[in-house]
Amino acid sequence: MTRNCTILISLFFSILVALGGSVSALADDSTVSAAQNWYLVPEPDQSDWSKKRRSGYAKVAANTLGVPEAVLNVPELGLSVAVYDNARRPALEAGAGWVEGTAKPGKSGNVAIAGHRDGFFRPLEQIRTGQEIVLVTEEQSLRYLVDDVSIVDPLDVSVLEPSSQSILTLITCYPFRYVGFAPDRYIVRARLLNE
């Protein structure tokens with residue numbers, strides 16, 4: 001009887017070790033999977049988008065633009081958008097676009113990102129100083145704090161100038177509810193936290 005108990009106990013521990021290994025393997029797989037899918041964003045709420053933006057997104061969303069440069073999140077506004085490597089039409093229809101000539105997402109300097117006011121960037125109408133913006137790249141997650149919100153002339157490109165500090169500049173057209181080509185630009189400036 002004692003020998004049978006020893007065998008059962010050994011078998012029990014073997015099963016526990018095997019299950020533990022499987023559970024940890026599953027945990028490792030989910031961690032790898034999460035790391036591999038860092039760029040996935042939820043389907044956007046398009047209820048406040050213009051008809052033109054909904055149509056443009058449907059057309060481009062069917063095509064693949066590849067893995068984005070980053071994902072921009074403004075948690076308090078429910079904004080989550082993929083940031084592609086340029087600010088041309090397909091990228092702006094599918095998400096937001098990195099403005100060429102500025103620092104790349106995840107790098108130091110002035111990172112500028114553009115988006116449509118009547119699409120993904122519509123929630124920026126409600127952004128306020130002190131709110132947090134999170135920029136996620138494959139390598140890191142960066143937290144920024146909004147310092148300034150301003151309206152500038154579309155020819156004012158000073159907001160794109162290089163900076164020795166790590167800042168994030170979000171650009172969209174203004175006014176948000178304007179019909180036709182909006183005459184101004186809405187600028188959100190945020191500084192990197194813990195720099």
**Q** I'd like to know if the side chain of R54 and the backbone of W49 have a donor-acceptor N/O pair within less than 3.5 Å.
**A**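 Side chain of R54 to backbone of W49, a donor-acceptor pair under 3.5 Å: yes, one is there.
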
**Q** Out of curiosity, does V99 fall in the hydrophobic cluster containing V111 (side-chain heavy atoms, cut-off under 4.5 Å, transitive links)?
**A**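 No, V111 and V99 fall in different hydrophobic clusters.
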
**Q** Indicate yes or no: at least one non-hydrogen side-chain atom of W98 is less than 4.5 angstrom from one of K104.
**A**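 Yes, at least one pair of side-chain atoms sits under 4.5 Å.
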
**Q** Say whether F120 and I171 are linked into one hydrophobic cluster, either directly or through other cluster members, by side-chain heavy-atom distances under 4.5 angstrom.
**A**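 No.
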
**Q** Parallel, tilted or perpendicular: which describes the rings of Y174 and Y186, with under 30° parallel and over 60° perpendicular?
**A**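 Parallel, since the angle between the ring planes stays under 30°.
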
**Q** Working to the nearest 0.5 angstrom, can you tell me the gap between S166 OG and L192 CG?
**A**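 Spacing of OG (S166) from CG (L192) equals 5.0 Å.
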
**Q** Quick one: closest heavy-atom pair of Y84 and A94, and the distance?
**A**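 Closest approach of Y84 to A94, heavy atoms only: CE1-CB, 3.9 Å.
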
**Q** Which heavy atom of P44 sits nearest to which heavy atom of Y57, and what is that distance?
**A**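 What the structure gives for the nearest pair is CD-OH, 3.4 Å.
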
**Q** Looking at every heavy atom in both L135 and P105, which two are closest together, and how far apart are they?
**A**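 The answer is CD2-CB, 4.0 Å.
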
**Q** Kindly indicate whether the side chain of R177, heavy atoms from C-beta on, has any atom under 4.5 Å from the side chain of E125.
**A**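 Yes, their side chains come closer than 4.5 Å.
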
**Q** Measuring only between side-chain heavy atoms, which start at C-beta, is E93 closer than 4.5 Å to R53?
**A**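 They are in side-chain contact.
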
**Q** Should P175 and P183 count as side-chain neighbours, where that means a heavy-atom distance under 4.5 Å?
**A**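 Answer yes - side chains close enough.
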
**Q** So, are E69 and K107 salt-bridged, with charged N and O less than 4.0 Å apart?
**A**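 The answer is no: the pair does not qualify as a salt bridge.
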
**Q** Any side-chain heavy atom of R185 within less than 4.5 Å of one from C173?
**A**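 When only atoms from C-beta onward are counted, C173 and R185 do touch, with a gap below 4.5 Å.
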
**Q** Hydrophobic clusters here meaning ILVMFWY residues chained together by side-chain heavy-atom distances under 4.5 Å, can you tell me if I187 and L124 are in one?
**A**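 As far as the 4.5 Å side-chain criterion goes, L124 and I187 are not connected within one cluster.
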
**Q** I want to check something: taking the side chain as every heavy atom from C-beta on, are R189 and V159 in contact at a cut-off of under 4.5 Å?
**A**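 Result yes, sub-4.5 Å side-chain heavy-atom pair found.
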
**Q** Determine whether I133 and L170 make a side-chain contact, defined as any pair of heavy atoms from C-beta on separated by less than 4.5 Å.
**A**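 Yes, their side chains come closer than 4.5 Å.
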
**Q** Mark yes or no for whether T172, through its side chain, and R117, through its backbone, hold a donor-acceptor pair below 3.5 Å.
**A**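 Judged by distance alone, yes, a pair lies under 3.5 Å.
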
**Q** Which heavy atom in V134 sits nearest to a heavy atom in S141, and how many Å separate them?
**A**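 The answer is CG1-OG, 3.4 Å.
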
**Q** If every non-hydrogen atom of D85 is compared with every non-hydrogen atom of E100, which pair is closest and at what distance?
**A**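 Looking at all heavy atoms of both residues, the shortest contact is O-CG, 4.3 Å.
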
**Q** Treating T102 as the side-chain partner and L160 as the backbone partner, does any N or O pair qualify as donor plus acceptor under 3.5 Å?
**A**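 Side chain of T102 to backbone of L160, a donor-acceptor pair under 3.5 Å: no, none is there.
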
**Q** Kindly compute the distance separating CD1 (I113) from OG1 (T169), expressed to the nearest 0.5 Å.
**A**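 I113 atom CD1 to T169 atom OG1 measures 9.0 Å (nearest 0.5 Å).
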
**Q** If you look at every heavy atom in V41 and S80, which pair is closest and at what distance?
**A**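 Looking at all heavy atoms of both residues, the closest pair is CG1-OG, 3.6 Å.
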
**Q** Does any non-hydrogen side-chain atom of R191 lie less than 4.5 Å from one of L193?
**A**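 Yes, at least one pair of side-chain atoms sits under 4.5 Å.
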
**Q** Indicate if L92 and V74 have the same hydrophobic cluster label, given that clusters are the connected sets of ILVMFWY residues with side-chain heavy-atom separations under 4.5 angstrom.
**A**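 L92 and V74: separate clusters.
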
**Q** Just verifying a value: how many Å separate L145 CG and I167 CD1, rounded to the nearest 0.5 Å?
**A**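 Those atoms lie 13.5 Å apart.
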
**Q** Out of curiosity, does V152 fall in the hydrophobic cluster containing F176 (side-chain heavy atoms, cut-off under 4.5 Å, transitive links)?
**A**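 Cluster IDs for F176 and V152 differ.
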
